[in-house]
There are 2 protein chains.
Amino acid sequence: MSLQHAILGILSYKPTTGYDLKHIIDKNISYIWSAKLSQIYRDLGSLERKGYVTTRIEKQGGRPDKKIYSVTEEGEKALQEWMIKFPQELLPPIRDEFCIRILFGSRLPVEELKFQLNRFIKEIQARLEVYQGLTKVIDKYAEDMGIPGEKFFWRLTLQRGFICKEAEMRWARECLLELEKNYPGKPLEDSDQADKA
Amino acid sequence: MSLQHAILGILSYKPTTGYDLKHIIDKNISYIWSAKLSQIYRDLGSLERKGYVTTRIEKQGGRPDKKIYSVTEEGEKALQEWMIKFPQELLPPIRDEFCIRILFGSRLPVEELKFQLNRFIKEIQARLEVYQGLTKVIDKYAEDMGIPGEKFFWRLTLQRGFICKEAEMRWARECLLELEKNYPGKPLEDSDQADKA
DNA sequence: GAATTCATGTAACTTGTTACATGATTTA
DNA sequence: TAAATCATGTAACAAGTTACATGAATTC
């Protein structure tokens, strides 16, 4: 349901089209949420059927008409209720495909593993560089929307992107070190039972 | 597809039932993957239809018969191919519901936000404590399965759980500090344009 | 006597992805 | 003149969740 609530929240700043929502999401909150255009259109349809948004057509010459979505009072209420009701479990289930591959890492040559870990690190670095530019992007967005007070919260969420991606990078680097030092050949020491041996 | 590959990998250590797979996943790899029993049964069915696993029935008195799944040669091959083919994009799309709520945090009283952040921190602490015990659990699992060499990789993935959850906790604590210091009342300073004022 | 564990699933639903369809306008 | 942008979607598929169904054995 979160995409629909994210959409309601964004539309509450200013009514726009589905196409534009996609750009706003990609540019401004890709570090906490992502969505395909097809899903956005479907969820907008769903929101409309529930009466949470209404549409107004803006005719254009040569281009398809714009369908501009606005939040209704019902929609505002629904968003507000969702905001108040935090779930019992705040931590979502984890699904980390990259780690599944590491888990079964003995099936691959060490060199391949190192190569993939290095790719992983490079992708995170690229992501971190994007994040660096995002502070200005979200500040500008808040200014454009006439909601400068929201910067505070947007920056908090962006900060999470930084901290978590940095942590992932540290982990990947540790993995490389471990592969260098303790695998293969050198047997694994039972650190908590070292006295047994 | 990752659940199916995780299942193939686990079954390759030792054939078991769907019911038992659920326990193995919950106990040993909850920090990188989770799955409901209903999905496990469905995916086992799918794997069987593809010829990647076969079943053998073990009759029991009074209890439903056990259906024990084993990986076929085809299944081994499929898993191996999946392992070799890392995706182009190693970083999965991010979807963080908690952050969506923080993003629209101005809709809530500050006290409510602080309360939820504290809940968040507590849940992470509980998780970290579980992780602490997991080193022994996964080591025991590796011993029981007769695959002591796999400990190396299992520990690497568990390490990721630690590092990432710690990072999330640091972030949440930063949020609390920010709420204390800069919100509300105190206006947000444009740190990169401070000289303008 | 009630709740949990053991052991199997199915059906309906929600969420997210991929591929397809249309067609003018603008940029390289 | 080829590719990207603007702007709308639909259909089929894949993955994950929730709710339901059965029923003996064991533990509290």
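Chain A is the first sequence line, chain B the second, and so forth, proteins listed ahead of strands; every chain is numbered from 1.
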dG9(D) C1' sits how many Å from Ile68(A) CD1, rounded?
17 Å
Does this structure show an ion pair linking Glu168(A) with Lys165(A), if we count only N-O contacts that are shorter than 4.0 Å?
yes
Salt-bridge test for Lys77(B) and Glu81(B): reply yes if a basic N is under 4.0 Å from a carboxylate O, no otherwise.
no
Comparing nearest nucleotides in DNA chain C, the 5'-proximal residue of the pair Tyr69(B), Leu3(A) is Tyr69(B)
Using atom CD of Glu89(A) as one end and atom C1' of dT17(D) as the other, report the distance to the nearest whole Å.
14 Å
Ignoring backbone atoms, test whether Lys66(A) places a side-chain nitrogen or oxygen under 4.0 Å from the OP1 or OP2 oxygen of dA7(D).
yes
Calculate the interatomic distance between Arg42(B) atom CZ and dG16(D) atom P; express it in whole Å.
9 Å
Presence of salt bridge, Arg95(A) and Glu97(A), under 4.0 angstrom:
no
May I have the distance from Glu48(A) (atom CD) to dG9(D) (atom C1'), rounded to whole angstrom?
13 Å
Checking all strands, does Asp65(B) fall into the base, sugar-phosphate, or nothing category for heavy-atom contacts under 4.0 angstrom?
sugar-phosphate
Nearest whole angstrom, please: distance from the C1' of dT15(C) to the CG of Leu44(A).
15 Å
Whole angstroms only, please: what is the CD-C1' distance between Glu97(A) and dT17(C)?
14 Å
How about Gln39(B) and Arg42(B): does a side-chain donor come under 3.5 Å of a side-chain acceptor?
no
Modelled atom types, side-chain donor and acceptor of Gln116(B) and Glu112(B), under 3.5 Å:
yes
Consider the side chain of Tyr19(A), meaning its heavy atoms from C-beta on, and name the nucleotide among dA7(C), dT8(D), dT10(C) that approaches it most closely.
dT8(D)
Under 4.0 Å between any heavy atoms, over every strand shown, what does Gly18(A) touch: base, sugar-phosphate, or nothing? Just pick one.
sugar-phosphate
Atom CD1 of Ile57(B) and atom C1' of dA7(C): how far apart are they, to the nearest Å?
11 Å
Less than 4.5 Å apart, side chain to side chain, heavy atoms only: is that true for Leu21(B) and Leu11(B)?
yes
Is the distance from OP1 or OP2 of dC6(C) to the nearest side-chain N or O of His23(B) less than 4.0 Å?
yes
Which of these nucleotides, dG9(D), dA7(C), dG16(C), is closest to any side-chain atom of Gln60(B)?
dA7(C)
Should Lys36(B) be listed as having a side-chain N or O under 4.0 Å from OP1 or OP2 of dT18(D)?
yes
Describe the nucleic acid contact of Ser2(B) in one word from base, sugar-phosphate, nothing, applying a heavy-atom distance below 4.0 Å.
nothing
Counting any heavy atom closer than 4.0 Å, what does Arg95(B) reach on the DNA or RNA strands: base, sugar-phosphate only, or nothing?
sugar-phosphate
Can you figure out which of dT17(D), dT5(D), dG16(D) approaches the side chain of Ser38(B) most closely?
dT17(D)
Spacing of Gln39(A) atom CD relative to dG16(D) atom P, expressed in whole Å:
15 Å
Describe the nucleic acid contact of Thr17(A) in one word from base, sugar-phosphate, nothing, applying a heavy-atom distance below 4.0 Å.
sugar-phosphate
Would you kindly compare Ala35(A) and Pro64(A) by the position of their nearest DNA chain C nucleotide and give the one closer to the 5′ end?
Ala35(A)
